Structures are given as structure tokens and as C-alpha cells.
Amino acid sequence: MRFNTKLVNNKIKDDYGATNTPVYLTNAFEHQTAEDLKKVFNNQAPGYVYSRINNPSINNVEQKLADLEGGKAAILSSSGMAAISTATLAILEAGDEFIATSSLFGGTYNLFKSYQDYGITPRFAKGVEKEDIEELITAKTKFVFLETLGNPKLDIPDIRGIAELCKKQEVALIVDSTMTTPALIKPFELGANLVIHSTSKYINGTANSIGGIIIDGGNFAWTRFDNFSNYKRYGKLAFSAKARGETFRNLGPCASPVNSFLNELGLPTLALRMEQHCDNAYKLAKFLDDHPQVKEVNYPGLEDNSYYSRAQDLFNGGYGGMLTIRVGSQEEAFKIINKLEYFYNLANIGDVKSLVIHPASTIYTNNTKEEQEKLGVYDDLIRISVGLEDIADLKKDFSQALQD
Ligand SMILES: *Cc1c(COP(=O)(O)O)cnc(C)c1O
């Protein structure tokens, strides 16, 4: 089955012939005998026990997303941040180090910084090239974490080169592909070991529920790390076994079966939506690039963008649905946001609706100026998540908002 067919196809096992995944709103699952429940609890028989650990509605989305990415197992969680914290805490222990690119989503950057309170050292690379990562690797490094397309810096790491380096150094590679989705990039084919998404964004599509997923490529020898020694019998799936059986189960960031259903509803139209997001974003970027009031447009699909050729190499024909512009001052940025009529002023991305935000005074308000600049955030920067409206309307709206 090819990608678009997989997106639409939902061959679930259901006694009544349902073609959408039934939503199992139950906390626990009954088993006929004490012996049966014992077996399920001890992983000696398949089955469900308690919805904090797993649930058939959720399991269906997990398998679907694992299949779409080309992974071997997955854990759906209550949010993207829940997926990132669960994945990283399943691997790390006090004394460890890990490396992350600097241009991270604000929440991820703040989470990683907080790990210092627990004796774990995050090392933030100065750039997204292989050399920037290589110079930070030590014997204590457990993984490298990067975003396929930095939010909001829109830089694109040398994923091929970094994956090669990680493999050579026996360090895991974790890729947050929220901004690209499996419609634009397949990180496992490039050498990633775990792929993470905030499903709240493009996967969900209509911004109706928060969710996240960790997908395991089943392609890393986790048991080389001491804290995986109890998971040797799971082989290459040691990460998934530990993450679900320990970290996820103990922390409790499970998804609601209703949210799981809502996230699944977005999947059949994912490729179609991504195509339109990318097309609209490209056209709006071109338009704003030619506009005298706009000082700078950052969009990897513009031919003069520093990441243009890397986007062509790594992405499946599109350049993503986000762009940023710089307009001279915070005052000017506020004026434009306030004048826009079709763009919603809110903190989200990946909706079918077009969205704008002034990141410096909102998402990054608690970061220092220095941190903000590292993360690609400036006082005069507007972040635009381009939706599926008619492009003529989006251009018209910016035209009037940019007028003095
Ligand atoms: C939104 C986002 C997250 C966090 O996801 P939530 O679902 O909001 O917790 C992580 N990474 C990226 C790139 C994001 O855009």
C-alpha cells in the first residue's frame, strides 16, 4: 500500500463492521479468570488492562502512525510535550548528557533546560550542521535531538550527516517532525531512531484536541546503555518496552480515547492538506518578499533561502506551511497583527485556519534576549502558520494590513 492509500485505509477489526475506530471509553478491561488477567499483566498474552497503559482506540492510531512513518511501535500521549518528556526520560538518568539543536520549539527548549535540576546535562549546539553536533559529543552523550524544520527559526538540520555521525558514535537520534509530518519527510529512512510529533498540529488538522506520539524505528541497540539492562529480551524494541512499561506508565501522560479519535480523524486528509499548506505558504512568502513594507521573509521554499537546497533534498516536494517575516519594530508587528482580518492571533500552528503570533512577547516571553535570538526570535518578527484559505484572500488581507 502506498502512502495516500494508507492514510485513508482503516481496516479495523470490529464485530459490527464499523469503518471508523470505535471509541472505548472505559478505564479498565475485564478478563474472565484470574489466570487470564495474570497473563495479560505479565505480557504473556495480548490484551488490555487499564487505559493509562493502553486502550484499543489509542492502539489503532499508534499502529497507523507507526506504519505511516515506517516505524515498528508507537506510544500516543496526551500532548507533544508529553511525548518529548516521556521519550527523553525513558533514556536519561542522572549523570547523562544529550545534545539538542538550539532552534527548538520553546516548550522543548525549556523542558531540556529543566533537566539540569535532575543532574542531566543538555548541550545545545550552535548550529544545525554535523560539525556543530560532533564537537559536543562525549562518552556521556546518549542522544541527539533535532527538529526537521525549526519552529520558528525555520532552519533545517543536516539530518543525513547527523544520522551518520550518531550511528558511528552509537548515539541515538530523536527527530521531532511536527512541522513536516510523514507527508513531507520520513526520518527513519534518513537514519533517525525515534520520531516524535505533536499531533495537535498538522496531524489533527483542525485544532480540536491536543496529542503527541513517539514512534520507535526499532533500529537502535538501546541495551548498550546500562539503564536498559532489564530490557535485553526485547532486543531492538527495548526502548518501547521501557518507555511504555516504566516511564509512560509511571508518569501517566496517556491520551484520552476521545482525543485519540479526533487526532485520527485528521489522517485521511493529511497529504492533501499538507500540499495546500505548502502551496499557500510559498505563494504568500513570494508575495510578502516583494512587498516594500516587509524587511525580511524567512521561508525555506524561497530560492535565496539558505536551506532551500537542503529542503529540496530532504522534503518530499514541499517546504512546510510556516513562514516568518520581520517588519522593523515590535510596534509595527503589533499594528499588522491587529489589522489582519483573516488571520487568527493565537499560539498554535498547523490548523486549517491561517494563524499569526508575535513570538517574542508571547511564547518566548520568559526567555532572555540572547536565548530568543538563538531560537530565531526577534522583536519585529511575526510567525505565520498558513492555512487552507483562498490565497487571493490571504494576500489581500496582508495588503491592507501592511498599508500605512
Ligand atoms: C507544538 C509543538 C510541540 C509541543 O506539542 P504540544 O502538543 O503543544 O504539547 C513540540 N514540538 C513542536 C515542533 C511543536 O510545534
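The model shown is predicted, which means the values in this text are computed figures rather than measured ones. Remember, it's 1-based here, ligands and their atoms both numbered in the order they're listed.
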Checklist entry - Are Arg326 and Asp380 close enough for a salt bridge, meaning some N to O gap below 4.0 Å? => result yes

Next on the checklist: Is it the case that the side chains of Tyr115 and Thr88 hold a donor-acceptor pair, with the cut-off being a distance below 3.5 Å and no angle test?
Outcome noted: yes

Checklist entry - Do you see a donor-acceptor pair shorter than 3.5 Å between the side chains of Glu246 and Tyr231? => result yes

Checklist entry - Which residues satisfy the ring-ring contact (aromatic ring centres under 6.0 Å, His included) test with Tyr308, sequence neighbours excluded? => result Tyr319

Checklist outcome for this item: Applying ring-ring contact (aromatic ring centres under 6.0 Å, His included) to Tyr307 and not counting sequence neighbours gives none

Output block, N or O contacts of ligand 1, threshold 3.5 Å exclusive:
| unit_1 | atom_1 | unit_2 | atom_2 | d |
| --- | --- | --- | --- | --- |
| ligand 1 | 5 (O) | Ser198 | OG | 3.0 |
| ligand 1 | 7 (O) | Gly80 | N | 2.8 |
| ligand 1 | 7 (O) | Ser198 | OG | 2.8 |
| ligand 1 | 7 (O) | Ser200 | OG | 2.6 |
| ligand 1 | 9 (O) | Gly80 | N | 3.0 |
| ligand 1 | 9 (O) | Met81 | N | 2.9 |
| ligand 1 | 11 (N) | Asp176 | OD2 | 2.7 |
| ligand 1 | 15 (O) | Asn151 | ND2 | 3.2 |
| ligand 1 | 15 (O) | Lys201 | NZ | 2.8 |

Checklist entry - Lys283: what forms a salt bridge (Lys or Arg N to Asp or Glu O under 4.0 Å) with it, not counting sequence neighbours? => result Asp279

